[in-house]
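Have a look at the structure below before the remarks.
Any value given below was found using the heavy atoms of this structure, including those in side chains, with hydrogens, waters and symmetry copies removed. Sequence lines set the chain letters: A, B, ... in the order given, protein chains first and strands last, and positions in each chain run from 1. Fair warning: this is a prediction, and the values are worked out from it, not measured in the lab.
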Protein chains: 2
Amino acid sequence: MDLEPKQNIRLCVDAVVFGYTAKESISVLLIKRTIPPFMHRWALPGGFVIDGETLEEAVTRELETEAGVHINYLEQLYTFGQPERDPRGRIISIAYFGLVNPTNFKLAASSDAEDANWFDIKKLPDLAFDHSAIVETAIKRLRAKIRYEPIGFELLDQKFPISDLEKLYETVLDRPIDRRNFQKKINHLGILAGHNEKQKHPSAGRPAKLYSFNEERYFQLKKEGISFEI
Amino acid sequence: MDLEPKQNIRLCVDAVVFGYTAKESISVLLIKRTIPPFMHRWALPGGFVIDGETLEEAVTRELETEAGVHINYLEQLYTFGQPERDPRGRIISIAYFGLVNPTNFKLAASSDAEDANWFDIKKLPDLAFDHSAIVETAIKRLRAKIRYEPIGFELLDQKFPISDLEKLYETVLDRPIDRRNFQKKINHLGILAGHNEKQKHPSAGRPAKLYSFNEERYFQLKKEGISFEI
DNA sequence: CCAAAAGTGTTAAGAGTACACCCATGA
DNA sequence: TCATGGGTGTACTCTTAACACTTTTGG
């Protein structure tokens, strides 16, 4: 514990932020690097931790300055510390996992980033550093989470048709789900409240009834844990 | 990502290693500190990361040198980075979660530690730094793991009566379990192989049949994940 | 023969799964 | 009126949960 070798190790944070739109799919926020190494390559938003700030503050700061994202949900994902993961030297990255609703704001690439954009998790470009491995880990976390926590509040619009939620599950689990069984299960959890309102301009078909989350119940179940095997 | 403020941050690893014996209970390995800060206080084994080594190498090294423990199972737990968590300055700790069978070796406190010992998770002393919070996090992880992974191989003797495994589950989940339903469930998973051998000197009662894990099946289910709601 | 722990099966309730037809809307 | 997606129920299977008496051993 107490030998104190001079360490030549630096610390950064990176964020895997997922967004979702029913038309498209689950996407990850990436920024395009303006400086070496990996200049002009896509990478996760992130950066060095400043001495006095907490890790969460570092992530939040980087997301705001690099992409204009005000994050909705954030949890620690994993710490990546392989000695060779960064060509600049020993740099440890504490990766975070975030969720936002991308329709709530406009992405804004800043000085730090040439560009910022959403990428479908099935069509990711080559990423800088070991960021592909980080994204992989985050996707696994997302798939695992959906089994024991309600999900959707942080990703969907305030009011949404049940089919949006169902598509979210289908996308994350990467397989089809029976509509009737899904609704039965969701109703049984009691996390949705219906409204006397319908979808405004469906691209086709009968307009769907809109729902929103019962936040109290949602966060209670998030704490207690559920078993959602579908 | 690329401003590089001079960081004055150091990096250490700490390990929450769980051991189990059916007579006693689930225990955590602690060492007694020989130097300030928190001199003579119990703390988690751990220490500073050396420049070229991976995080896992750092944990393994510290466990061997501080307590003579050759670890059996290790996974990353969480990274603790609050700026005030260590009075010596900004020190980030990457905490690991480990499992061993304590009957396999003798603890050996080394120069770095005044003493090394097992403590029942229900009777922990006051710990140095934020180590109580780290242990809390590890216990939560253990309770969560038992629900979606088989557990026991790393903790129990090679051959054991089913009641040992059942007590493990009861201890981790902290509630009684119905013996018949438990056995049905475990048999259904197919992770145990019976032997034509009985417990040698039970403290009382009928000697139990001994079992061991079917490792192939065990690790297969560990990978696939199970849903063990009992 | 007594105390202690092991071995063992049935039933009832709830959850999961598979499956198809009619309805409301816009073009 | 057609195409598109929304809304809805039933039957079967499987899993879970509750529950108690008999057997084997050592003292």
Side-chain angles (χ1 to χ4, degrees), chain A residues 21-24 146-148 150 156-157 159-171 173 175-212 221 224-230, chain B residues 21-24 146-148 150 156-157 159-171 173 175-212 221 224-230:
Chain A
T21 52
K23 292 120 224 153
E24 294 153 45
I146 210 169
R147 289 178 50 184
Y148 60 83
L156 298 177
D157 292 335
K159 291 180 183 178
F160 54 87
I162 287 199
S163 61
D164 272 19
L165 186 61
E166 191 204 322
K167 274 176 214 146
L168 170 60
Y169 275 77
E170 287 186 327
T171 310
L173 295 173
R175 60 186 167 75
I177 291 175
D178 182 272
R179 268 191 309 146
R180 282 171 289 189
N181 293 339
F182 180 78
Q183 295 209 13
K184 229 183 300 171
K185 190 113 198 194
I186 290 286
N187 284 334
H188 187 70
L189 291 176
I191 54 176
L192 293 190
H195 295 266
N196 288 327
E197 225 177 309
K198 302 200 164 175
Q199 218 177 1
K200 286 289 178 277
H201 301 292
S203 54
R206 174 176 174 175
K209 191 174 171 192
L210 295 179
Y211 289 83
S212 57
L221 289 179
E224 289 173 10
I226 59 174
S227 173
F228 199 94
E229 301 294 339
I230 204 160
Chain B
T21 52
K23 294 119 224 157
E24 295 153 46
I146 210 169
R147 291 176 50 182
Y148 60 83
L156 298 176
D157 292 335
K159 290 179 182 176
F160 55 87
I162 288 200
S163 60
D164 272 19
L165 186 60
E166 192 203 322
K167 276 177 213 144
L168 170 60
Y169 275 76
E170 287 186 327
T171 310
L173 295 173
R175 61 185 167 77
I177 291 174
D178 182 273
R179 269 191 308 146
R180 283 170 289 189
N181 293 339
F182 181 78
Q183 294 208 13
K184 231 181 298 172
K185 190 114 197 193
I186 291 287
N187 284 335
H188 187 71
L189 290 177
I191 54 176
L192 292 190
H195 296 269
N196 289 328
E197 222 178 312
K198 301 202 166 174
Q199 216 177 3
K200 284 291 178 272
H201 300 291
S203 55
R206 174 176 175 175
K209 190 174 171 191
L210 295 179
Y211 290 84
S212 57
L221 288 180
E224 290 174 6
I226 59 174
S227 174
F228 198 93
E229 301 293 340
I230 204 162

Taking all non-hydrogen atoms of both residues into account, name the closest pair between [X] and [Y] and its distance.
{"X": "B:L221", "Y": "B:L189", "value": "CD1-O, 3.7 Å"}
{"X": "A:I177", "Y": "A:E166", "value": "O-OE2, 3.5 Å"}
{"X": "B:P207", "Y": "B:Q199", "value": "CB-O, 3.6 Å"}

Practice prompt. Report yes or no: do B:N187 and B:K184 form a side-chain donor-acceptor pair below 3.5 Å?
Written response: no

Item to complete: Would you kindly give the NZ-to-P distance between A:K167 and D:dT4, to the nearest whole Å?
Response: 14 Å

Item to complete: Could you tell me the separation between the CZ atom of A:R206 and the C1' atom of D:dC2, rounded to a whole number of Å?
Response: 17 Å

Worksheet item: Heavy-atom distance under 4.5 Å between the side chains of A:Y211 and A:I191, does that happen here?
Response: no

Worksheet entry | 5' priority, DNA chain D, between B:P207 and A:K209 [closest heavy atom] | A:K209

Worksheet item: Closest nucleotide of DNA chain D for A:P161 versus for B:I230: which of these residues is on the 5' side?
Response: A:P161

Discussion item. If we ignore hydrogens and angles and just use 3.5 Å, is the side chain of B:D157 paired with the main-chain N or O of B:K159 as donor and acceptor?
Written reply: no

Response to the item:
side chain to side chain donor-acceptor pair (under 3.5 Å) filter on B:S212, not counting sequence neighbours, yields B:H195

Discussion item. Using a 4.0 Å cut-off on heavy atoms, which residues in residues 179-187 of chain B reach DNA chain D? List them by number, or say none.
Written reply: B:R179, B:R180, B:N181, B:K184, B:K185

Worksheet entry | Within residues 190-204 of chain A: residues closer than 4.0 Å to DNA chain D (heavy atoms) | A:A204

Discussion item. Holding to salt bridge (charged side-chain N to carboxylate O under 4.0 Å, His left out), I want the full list of residues that pass it with B:E170, two or more places apart in sequence or in another chain.
Written reply: none

Worksheet entry | Which residues share a salt bridge (charged side-chain N to carboxylate O under 4.0 Å, His left out) with B:K198, sequence neighbours left out | none

Worksheet item: Is the A:F228 ring parallel, tilted or perpendicular to the A:Y169 ring (thresholds 30°, 60°)?
Response: tilted

Worksheet entry | Contact boundaries on DNA chain C for chain B, cut-off under 4.0 Å to non-hydrogen atoms | C:dA4 to C:dT10

